[in-house]
Amino acid sequence: MKQFLALTLTAVTLGGLFTGCSGTASRPGGEPGGKGEVNVFNWGEYIDESLLETFEEQTGIKVNYKTFPDNETLYSTLQSSMGEYDVIIPSDYMIARMIDEEMLERIDLNNIPNYEKISDSYKHLDYDPGNEYSVPYTWGTVGLIYNTTMVSEAPTSWKALWDEQYKGQILMFDNSRDCIGIALKVLGYSFNTTDEAQIKEAVDLLIEQAPLVQAYVMDQIFDKLEVGEAAMGPYYAGDAITMMESNPDLAFVLPEEGANLFVDAMCIPKGAPNKENAEAFINFMCSDEAAVANCEYIGYSTPSDSAREKLEPELAQNPIAYPDEETLSRCETFINLPEEILKLYDSEWLRLKGAGG
């Protein structure tokens, strides 16, 4: 996920603005004074990194920052390194899976007064009904980004990714849930189907598409489309805004079959070594000033109504970042799937890769 509109506010200026941010978080051993560290694991290019410096200045807590490319990589990394990270930012369906598998700590909302700024629309959702384990970070949609100078007519359907005239100019997601999900939508099925025949049919369709695909990638979709190395590919609405700023030949559409609506949220993994510092960091990111600076930088949509009111009008009123209700009604969120279906996804993904995908 990519950045947007670097702000000129200095860390010193921002530092005086943040409200509700604790400057007395404890060290891992409990010593007061805002010392110690916090280990943050986030999507690539999904934060205004100047905010990390501001947090350090405000609290005295050092931020150790690393990135991951997708939810599945985050999941596998945590399985092998539990106890190394304090704050992670998974998507909705992965949060539900991690809750089910007891991979997350309960969050003490008493330490996050800025939680009250989160809109009720993004609280108590199915992936975490009691908001015991997560605090919303951003939300958005996944659509089709295309280069208007490289396509014969504006696409309206995911089927454009199967159009042979664009052979070698098509990009696809390099993760099973998103990639197979697109094929499911082309076939008229739900992202969340548990019908094994439908999932296999979707992978058959992807195998047919494989000879047309230039590359299966994640963050590289941003780079390739922005510089005109490909004609089209699926990607996140927040990044589309950034990319269209840099390359006005690009356009974005939510396909008529429907698209993914996601919420990414801040969580604390089980065994986090610096839980209080993690809660201080989450609280900091929920302040209006941090949320505004962050969303104006990365382009993604804020779950805070008060922060949205303070955004630059060009972003706050952008229909890509904030679609109307009719558009959102065509979207579907991912849910956590049963274990046997997740195993099927793994085996079917290997079948696609083995067939040249």
Side-chain angles (χ1 to χ4, degrees), residues 1-2 4 91-93 96 118-129 136-148 151 153-163 173 177-193 198 202 221 225 232-245 248-265 291-292 295-296 298-335:
M1 299 188 178
K2 293 289 177 177
F4 179 66
S91 300
D92 36 32
Y93 73 95
I118 302 297
S119 168
D120 289 343
S121 299
Y122 300 98
K123 293 178 179 177
H124 308 295
L125 301 181
D126 289 345
Y127 64 87
D128 183 12
Y137 179 70
T138 63
W139 66 275
T141 58
V142 177
L144 186 60
I145 304 176
Y146 61 97
N147 191 311
T148 58
V151 300
E153 59 181 299
T156 60
S157 166
W158 289 118
K159 294 176 183 177
L161 294 168
W162 276 258
D163 192 327
F173 277 127
R177 194 70 194 270
D178 284 307
C179 190
I180 294 174
I182 290 171
L184 286 169
K185 282 299 176 188
V186 170
L187 294 168
Y189 303 141
S190 167
F191 285 135
N192 301 307
T193 181
Q198 291 180 356
I221 292 176
L225 286 171
M232 65 179 70
Y235 215 44
Y236 310 102
D239 287 312
I241 295 171
T242 310
M243 296 159 72
M244 291 162 66
E245 285 282 326
D249 291 334
L250 296 177
F252 178 84
V253 63
L254 284 177
E256 59 194 12
E257 298 95 341
N260 176 222
L261 171 66
F262 64 85
V263 177
D264 293 339
V292 168
C295 287
E296 288 188 341
I298 64 175
Y300 281 74
S301 307
T302 177
S304 166
D305 289 336
S306 59
R308 184 180 176 186
E309 290 173 358
K310 296 178 175 65
L311 290 174
E312 291 292 329
E314 183 179 5
L315 180 58
Q317 299 168 15
N318 191 317
I320 295 177
Y322 299 96
D324 59 30
E325 289 301 318
E326 189 281 326
T327 301
L328 289 175
S329 71
R330 293 189 281 116
C331 296
E332 183 181 15
T333 58
F334 288 151
I335 65 172

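- You'll find the side chain of Phe262 reaches within 4.5 Å of the side chain of Asp264, heavy atoms only.
- Leu161 and Gly233 make their closest contact through CD2-CA, 4.2 Å (heavy atoms, listed as atom of the first residue, atom of the second, distance).
- Atom CD1 of Ile241 and atom CD1 of Ile298 lie 10.5 Å apart (nearest 0.5 Å).
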Report all side-chain donor-acceptor pairs from residues 177-186 shorter than 3.5 Å, counting only partners two or more places apart or in another chain.
| from | atom 1 | to | atom 2 | distance (Å) |
| --- | --- | --- | --- | --- |
| Arg177 | NH1 | Ile335 | O | 3.0 |
| Arg177 | NH2 | Asn192 | OD1 | 2.8 |
| Arg177 | NH2 | Ile335 | O | 2.9 |
| Asp178 | OD2 | Asn175 | ND2 | 3.0 |
| Lys185 | NZ | Glu332 | OE1 | 2.7 |

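- Using a 4.5 Å heavy-atom threshold, the side chains of Ser91 and Val263 count as separate.
- Scanning all heavy atoms of the two residues, the minimum distance from Ala154 to Tyr146 falls at CB-OH, 3.5 Å.
- Note on ring orientation: taking the six-membered ring where Trp is involved, the planes of Tyr235 and Phe173 are tilted (angle from 30° to 60°).
- Checking Tyr122 against Trp139 by side-chain atom types alone, a donor-acceptor pair falls below 3.5 Å.
- Proximity of a side-chain donor or acceptor of Glu296 to a complementary backbone N or O of Glu312 within less than 3.5 Å is detected.
- Between the side chains of Ser304 and Thr302, no donor-acceptor pair is found at a separation under 3.5 Å.
- Pairs of residues two or more places apart, or lying in two chains, never qualify as salt bridge (charged side-chain N to carboxylate O under 4.0 Å, His left out) while including a residue from residues 153-163.
- Checking Thr141, Ile145, Val142, Asn260 one by one against Tyr236, the side-chain contact (heavy atoms from CB on, under 4.5 Å) holds for a single residue, Val142.
- Judged as a ring pair (Phe, Tyr, Trp, His ring centres under 6.0 Å), and not counting sequence neighbours, the contacts of Phe334 are Tyr93, Phe191.
- The distance from atom OG1 of Thr327 to atom CG of Leu261, rounded to the nearest 0.5 Å, is 11.5 Å.
- Contact check for Trp158 versus Pro234: side-chain heavy atoms found under the 4.5 Å cut-off.
- Residues Glu256 and Ser157 meet the side-chain proximity criterion, which asks for heavy atoms closer than 4.5 Å.
- A heavy-atom distance below 4.5 Å is found between the side chains of Leu225 and Met243.
- The OG1 atom of Thr333 sits 8.5 Å away from atom CG of Leu125, with the distance rounded to the nearest 0.5 Å.
- Here the side chains of Leu328 and Glu325 are in contact, with some heavy-atom distance below 4.5 Å.
- Using a distance-only test at 3.5 Å, with no hydrogens or angles considered, no donor-acceptor pair links the side chain of Arg308 to the main chain of Val292.
- The minimum heavy-atom distance linking Ala160 with Leu144 is given by the pair CB-CD2, 4.3 Å.
- Contact between Pro155 and Val253 at its shortest, heavy atoms only, is O-CG1, 3.6 Å.
- At least one side-chain heavy atom of Ile320 sits less than 4.5 Å from a side-chain heavy atom of Met244.
- Counting heavy-atom neighbours within 6.0 Å of Asp249 CG, excluding the residue itself, gives a total above 12.
- Under 3.5 Å, the side chains of Asp239 and Thr242 contain no donor-acceptor pair of N or O atoms.
- Minimum heavy-atom separation, Leu315 to Cys295: CD2-O, 3.5 Å.
- Lys123 has its side chain within reach of Ile118: a pair of non-hydrogen atoms, C-beta onward, lies under 4.5 Å apart.
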